[in-house]
Amino acid sequence: AHLQAQLKKAIGDQRANTVLHNFDETNQCYIEYQFENENPQNQYHGYHLVKPTTHERDVEAENNIPQRVKDIISYRQKQNS
């Protein structure tokens, strides 16, 4: 339910709109949503970008997020604080 709520504000890069991103303030890590199918109830599946079997941020995966997407997320965080 938490990832589903975050999906509503997730954003994507126009060049790769099958992947959306957001930042999870609660867990302090990025979330990546991957397009699964056209079913409106299950179009995207969300994953916290953390190292396998840990709760450590996966910096390598975060580096694959387009910078403009990270900039928009950062801007939103500043506006909400």
Side-chain angles (χ1 to χ4, degrees):
H2 177 68
L3 288 177
Q4 185 176 2
Q6 295 281 23
L7 175 59
K8 293 177 183 178
K9 293 185 179 180
I11 58 172
D13 188 323
Q14 289 179 344
R15 293 176 286 181
N17 60 1
T18 60
V19 178
L20 304 174
H21 292 94
N22 205 346
F23 191 81
D24 184 347
E25 294 287 342
T26 304
N27 294 301
Q28 290 296 299
C29 64
Y30 283 95
I31 307 167
E32 180 170 284
Y33 295 94
Q34 296 177 1
F35 184 79
E36 298 275 324
N37 59 53
E38 294 293 337
N39 178 349
Q41 267 125 33
N42 196 26
Q43 285 185 318
Y44 287 90
H45 190 90
Y47 303 91
H48 283 99
L49 295 183
V50 294
K51 293 178 183 176
T53 68
T54 73
H55 294 287
E56 293 179 41
R57 289 171 68 164
D58 186 343
V59 176
E60 185 176 327
E62 289 179 7
N63 288 338
N64 292 327
I65 301 170
Q67 186 60 48
R68 72 177 144 264
V69 170
K70 289 195 273 188
D71 290 345
I72 292 169
I73 292 170
S74 176
Y75 175 80
R76 286 180 177 174
Q77 289 173 314
K78 291 175 187 170
Q79 297 302 308
N80 290 329
S81 51

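Gln77 has its side chain within reach of Glu25: a pair of non-hydrogen atoms, C-beta onward, lies under 4.5 Å apart. Under the 4.5 Å side-chain criterion, counting only non-hydrogen atoms from C-beta, Ser74 is not in contact with Lys70. In this structure, Phe23 and Arg76 have side chains that are not in contact, with every pair of non-hydrogen atoms separated by 4.5 Å or more. Within the 4.5 Å cutoff, no side-chain heavy atoms of Asp58 are placed close to those of Glu62.
Within a 6.0 Å radius of CD in Gln79, other residues, nucleotides and ligands contribute more than 12 heavy atoms.
Nearest heavy atoms, His21 versus Glu32: NE2-OE1, 3.0 Å. What you find for Glu36 and Tyr44 is that their closest heavy atoms are CG-C, 4.1 Å.
Connection of Val50 to Tyr47 is not established within any shared hydrophobic cluster, with ILVMFWY side chains joined at heavy-atom distances below 4.5 Å, either directly or through further cluster members. Residues Ile11 and Val19 do not share a hydrophobic cluster, defined by chaining ILVMFWY side chains whose heavy atoms lie under 4.5 Å apart.
In this structure, NZ on Lys9 lies 6.0 Å from CG on Asn80, to the nearest 0.5 angstrom. Considering OH of Tyr30 and CZ of Arg57, their distance stands at 6.5 Å, rounded to 0.5 Å. Note that CD1 of Ile72 is 10.5 Å distant from CD of Gln67, once rounded to the nearest 0.5 Å.
When each of Leu7, Leu49, Leu20, Asp24 is tested with Ile31 by the rule side chain to side chain contact (heavy atoms under 4.5 Å, CB included), just one qualifies, namely Asp24.
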